[in-house]
Amino acid sequence: MSFRDYIKKLEKKRNLIRIKKPVSKNLEASAIINELKDKPVLFENIKESNFKVSANIFATKQLIADYFGVSVQELLEKMLYAIENPSEPKLVKNAPCQEVELPIDLDKLPILFHCEKDGGNYISSGVCIITDKEYGQNVDFHRCMQISKNKFSVRVVEGRHFDIFLKKNKDMPVAVCIGNSPNVLLAAATSVNLGQNELCIANSLEELNVVKAKTFDALIPADCEFVLEGIIRENERHTEGPFVDLTETYDIVRDEPVLEIKKITCRRDAIWQALLPGGLEHKILMGMPREPTIFKKVKDAGINCLDVSLTPGGCSWLHAVVKINKKEENDGKKTVYAAFEGHKSCKHVFVVDDDIDIYDPNCIEWALATRFQADSDLIILKNQKGSSLDPSADPKTSLTTKCGFDLTKPLLVKGKNFEKAEYPKTNLKYFLD
Ligand SMILES: Cc1cc2nc3c(=O)[nH]c(=O)nc-3n(C[C@H](O)[C@H](O)[C@H](O)COP(=O)(O)O)c2cc1C
């Protein structure tokens, strides 16, 4: 299903807010997206552009599960299957994303200015596709700050595959694809081995059509809404930032490579996909692909892992809650080490028993309050390589202290019981009517 087909489906289910009044792309659209939190929205009238803008379309796991036609609980296994069983997308000759060619004037596009201190207008939902003779195709996200009518400065985290490709190729063609469905979005957010095309993971999540890009030899999602093709140059630099990061704090200003746009194509009546930086959708897309990698490492360590959640309170990146069926006394601690293996940027891991609802922060805190003793159940790992996104980690090296909380109850109970008591059930409706 394409991005626009899902928007139509949401509207049919009365799960879409249509805003007909004129809205500015400067601070106004982002304010509305933020206030709506996880409610999908379509802006029909953007003051500075002829294009519609949509946001929050995949802002919850439930919205993504509904898209794939599975339950929220089934998402982790679906992701794991796709990562382990990538398959080739179908190549088509004519693609909706190339129906219309636009003049190269970025001011005409609804590229939002999100927050007051931002360095500029930003594309934040752009899936960037690059190629290399040796490694093939790479697909990932890079925020793009508009610096002129035809140029962006692009945030490239050091060491990422994009960075490796760029250092090797110096000048490199890029296709920035906007208006994607979650198979492409989630695949773009996975970290795979160098040389693995993430669009094959996308195809395994849901069948995907690809088409040849117009200006270079890359295969891009045929059904996306906009494609901005251009050349990124390692040696041409421009300031990028400040910009709000995943942690809802401001990222610093850096000199980043410049992307010059050479061609813009889109669908007829194309819909722009906005993504609020630090918002729920950003968090979901970052965190979801790490849940299966943690799950797998915990299973590989011989633990009966039941579920994993990267909690929104932990920026869906720094905190993992792992639910296990504990069989041996040491399982909780083994799970902590395995979880850190499965997601290297994670800072705090909480391991809970199968009676804890890992989507309910109160329930997790209850386990911390009733099943945890800091002197024996806490693992502290000093001087670890942490996340570059964590404002409390060392700004130069990202070194951090990691912590594991074993919140599982002991197998051998010596004193009080650890079970939550069951209250009697009733038919409340009968008494209230
Ligand atoms: C919404 C979103 C925005 C992102 N923005 C950036 C970015 O601006 N720069 C960057 O290097 N990585 C960004 N990432 C993370 C990359 O997608 C990440 O590097 C990728 O998952 C790893 O790909 P790789 O294994 O091919 O290096 C973003 C991820 C998401 C989900």
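Please read all numbers here as calculations on a predicted model, not as lab measurements. Counting convention: from 1, in listed order, for ligands and their atoms alike. We count residues from 1, following the sequence as given.
Salt bridge D5/K9: absent, no basic N to carboxylate O contact under 4.0 Å. Between D223 and R4, no side-chain nitrogen of the basic residue sits less than 4.0 Å from a carboxylate oxygen of the acidic one, so the salt-bridge criterion is not met. Between E248 and K283, at least one side-chain N (NZ, or NE/NH1/NH2) sits under 4.0 Å from a carboxylate O, which counts as a salt bridge. Between K108 and E48 there is no salt bridge, since no side-chain nitrogen of the basic residue lies less than 4.0 Å from a carboxylate oxygen of the acidic one.
Remark: ligand 1 atoms within the under-4.0 Å shell around heavy atoms of A189 are 21 (O), 31 (C). Per-residue contacts place H282 under 4.0 angstrom from the following atoms of ligand 1 (heavy atoms of the residue considered): 1 (C), 2 (C), 3 (C). Close approach of ligand 1 to R143 (heavy-atom distance below 4.0 Å) involves ligand atoms 7 (C), 8 (O). Heavy-atom contacts of E198 reach the following atoms of ligand 1: 26 (O) (cutoff under 4.0 Å). Proximity to S191 (heavy-atom distance under 4.0 Å) selects the following atoms of ligand 1: 22 (C), 25 (O).
Within the structure, side-chain hydrogen bond (donor to acceptor under 3.5 Å, both in side chains) pairs that include any residue of residues 85-94 comprise S87-N203 (at least two apart or interchain).
Scanning all protein heavy atoms for the shortest distance to atom 29 (C) of ligand 1 gives M286 SD, 3.3 Å.
Contact annotation: for V154 versus ligand 1, there are no heavy atoms closer than 4.0 Å.
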